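Notes follow once the structure below has been shown.
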Amino acid sequence: MTALVFLDPDYPAGRIADAMTPQLSVLDQGVTRGDGVFESVLYTRSVVRKIDAHLARLRVSADTCDLAIPGEEAWRAAIATAVETFDASTPSEEAVVKLIATRGTEGTAHGTCWVTVSAAPELGRTQRDSGISVILLDRGYDSTVAERSPWLLMGAKTLSYAVNMAALRHAKKNGADDVIFISSDGIVLEGPTSTVLMAHRDGDVKRLITPTLETGILPGTTQGAIFDAAKAAGWVLGYGPLTPENLMDAEAVWLVSSVRLLTPVNSIDGVGVARDAELHAELTAMVDSIG
Ligand code: PLP
């Protein structure tokens with residue numbers, strides 16, 4: 001069952017609707033143009049995880065798109081109603097809370113905003129243990145495009161994910177599980193739905209490194225939370241630019257995201273990468289402790 005709650009000024013706690021019946025106008029620009037923003041949030045053990053970071057990023061994405069969205073309180077109220085509705089019908093260990101804001105139907109001043117809660121996909125959970133194979137794909141932009149071309153909305157989580165999904169299908173057709181995008185000048189970017197992390201041991205020093213945001217990637221809330229926990233545990237943090245060779249030389253490489261959490265990479269373009277079990281266990285414990 002998917003719980004659905006619309007943000008609606010006439011309903012302070014949100015308006016509950018039926019996710020299995022039509023609810024949206026065919027003229028909504030979220031549908032006709034993919035014009036809108038969203039967040040995917042993990043709901044587990046009765047906690048909507050990292051909700052502050054997700055609401056903050058939703059706001060930044062909306063501002064980047066010049067999209068007016070309701071304030072945080074309206075989102076929090078709708079989320080509370082949606083998880084309550086979900087819990088009442090579907091006992092589930094892990095669920096995904098989606099926050100969606102579109103530009104609404106053409107000509108209207110306000111957008112369409114809603115929250116859904118659905119059971120989390122099983123595959124993400126198994127891949128946390130098994131690890132994944134990834135291929136490197138050229139994203140077609142160089143690593144400085146974000147600064148030059150703000151209309152590309154780099155770093156915003158927009159509804160225009162058709163390219164990201166096409167990259168994942170391309171990986172599957174080629175026998176791989178996932179993708180790491182590379183810029184046209186050879187810099188590591190991100191996965192279609194995840195952030196790249198790598199670790200290095202330097203004697204007793206443990207380094208955790210992620211691509212720099214200057215490349216135009218999405219600022220990952222999971223990466224941010226893991227970095228905070230790793231710093232508190234004495235790890236040294238680093239930010240790219242990273243090359244594919246850096247990943248091949250790492251002690252471990254992961255793709256991380258809110259729903260999938262910490263997924264180890266087994267191979268890149270068919271070549272095995274190291275999987276340091278101790279570092280993985282340490283970071284997994286950190287991820288489990290993120291509220
Ligand atoms: N990068 C992209 C393109 C994403 O779509 C996502 C999540 O869906 C991430 C990174 C990871 O972000 P988060 O950790 O906040 O889920």
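Ligands are counted one by one from 1 in listed order, and the atoms in each one are counted from 1 as well. All figures in this text were calculated on a predicted structure; none of them were measured in a lab.
Counting atoms of ligand 1 from 1 in the listed order, those under 4.0 Å from a heavy atom of S257 are 11 (C), 14 (O), 16 (O). Heavy-atom proximity to G191, at under 4.0 Å, picks out these atoms of ligand 1: 3 (C). Within ligand 1, counting atoms from 1 as listed, the ones closer than 4.0 Å to a heavy atom of Y161 are 2 (C), 3 (C), 4 (C), 5 (O). Every atom of ligand 1 is numbered from 1 in the order shown, and the set under 4.0 Å from a heavy atom of L218 is 1 (N), 2 (C), 4 (C), 6 (C), 9 (C), 10 (C).
With contacts defined as side-chain heavy-atom distances shorter than 4.5 Å, the pair L208/W254 qualifies. Side-chain contact between T221 and R57: present, with at least one pair of heavy atoms (C-beta onward) separated by less than 4.5 Å.
Residue contact check for ligand 1: K50 places no non-hydrogen atom closer than 4.0 Å to it. For the ligand labelled ligand 1, residue P192 lies inside the 4.0 Å heavy-atom shell. Distances shorter than 4.0 angstrom do not occur between any heavy atom of S40 and any atom of ligand 1. Residue E39 places no heavy atom under 4.0 Å from ligand 1. Put simply, no part of A53 is less than 4.0 Å from ligand 1, judged by heavy atoms.
Considering only non-hydrogen protein atoms, atom 12 (O) of ligand 1 sits nearest to R57 NH1, 3.5 Å. Nearest protein neighbour of atom 11 (C) of ligand 1, counting heavy atoms only, is T195 OG1, 3.6 Å. Of the protein's heavy atoms, E190 OE1, 3.0 Å lies nearest to atom 1 (N) of ligand 1. Scanning the protein for heavy atoms near atom 14 (O) of ligand 1, the closest one is T222 OG1, 2.5 Å.
Taking any N or O of T221, backbone or side chain, at least one lies under 3.5 Å from an N or O belonging to ligand 1. Polar contact with ligand 1: present for K157 (N/O pair, distance under 3.5 Å). In terms of polar-atom proximity, S258 is counted as a contact of ligand 1, with an N or O under 3.5 Å from an N or O of the ligand. On a distance-only criterion, H54 and ligand 1 share no N/O pair closer than 3.5 Å.
Checking side-chain atoms of N266 against main-chain N and O of S130 turns up a donor-acceptor pair under 3.5 Å. In this structure, T243 contributes its side chain and N246 its backbone to a donor-acceptor pair below 3.5 Å. Listed for the D177 side chain is a donor-acceptor partner under 3.5 Å among the backbone atoms of S133.
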Salt bridge (charged side-chain N to carboxylate O under 4.0 Å, His left out), that's the test. Do E94 and R45 meet it? Break it down for me.
CA-CA 8 Å; E94 290 186 10; R45 298 191 290 266; over 6 Å; no

Starting from the C-alpha separation in whole Å, work towards a yes-or-no answer on salt bridge (charged side-chain N to carboxylate O under 4.0 Å, His left out) for R260 and D178.
CA-CA 12 Å; R260 158 196 280 188; D178 214 311; 2.6 Å; yes

Salt bridge (charged side-chain N to carboxylate O under 4.0 Å, His left out) between E122 and R128, intermediate numbers included
CA-CA 11 Å; E122 182 63 41; R128 277 174 215 158; over 6 Å; no

Derivation of the salt bridge (charged side-chain N to carboxylate O under 4.0 Å, His left out) call for D202 and R207
CA-CA 7 Å; D202 212 347; R207 289 185 197 283; 3.3 Å; yes

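A salt bridge links R76 with D52: the distance from a Lys NZ or Arg NE/NH1/NH2 to an Asp or Glu carboxylate oxygen falls below 4.0 Å.
Here the shortest heavy-atom pairing between Y43 and D87 reads OH-OD2, 2.5 Å.
Between P219, G220, S194, it is S194 that holds the heavy atom closest to atom 10 (C) of ligand 1.
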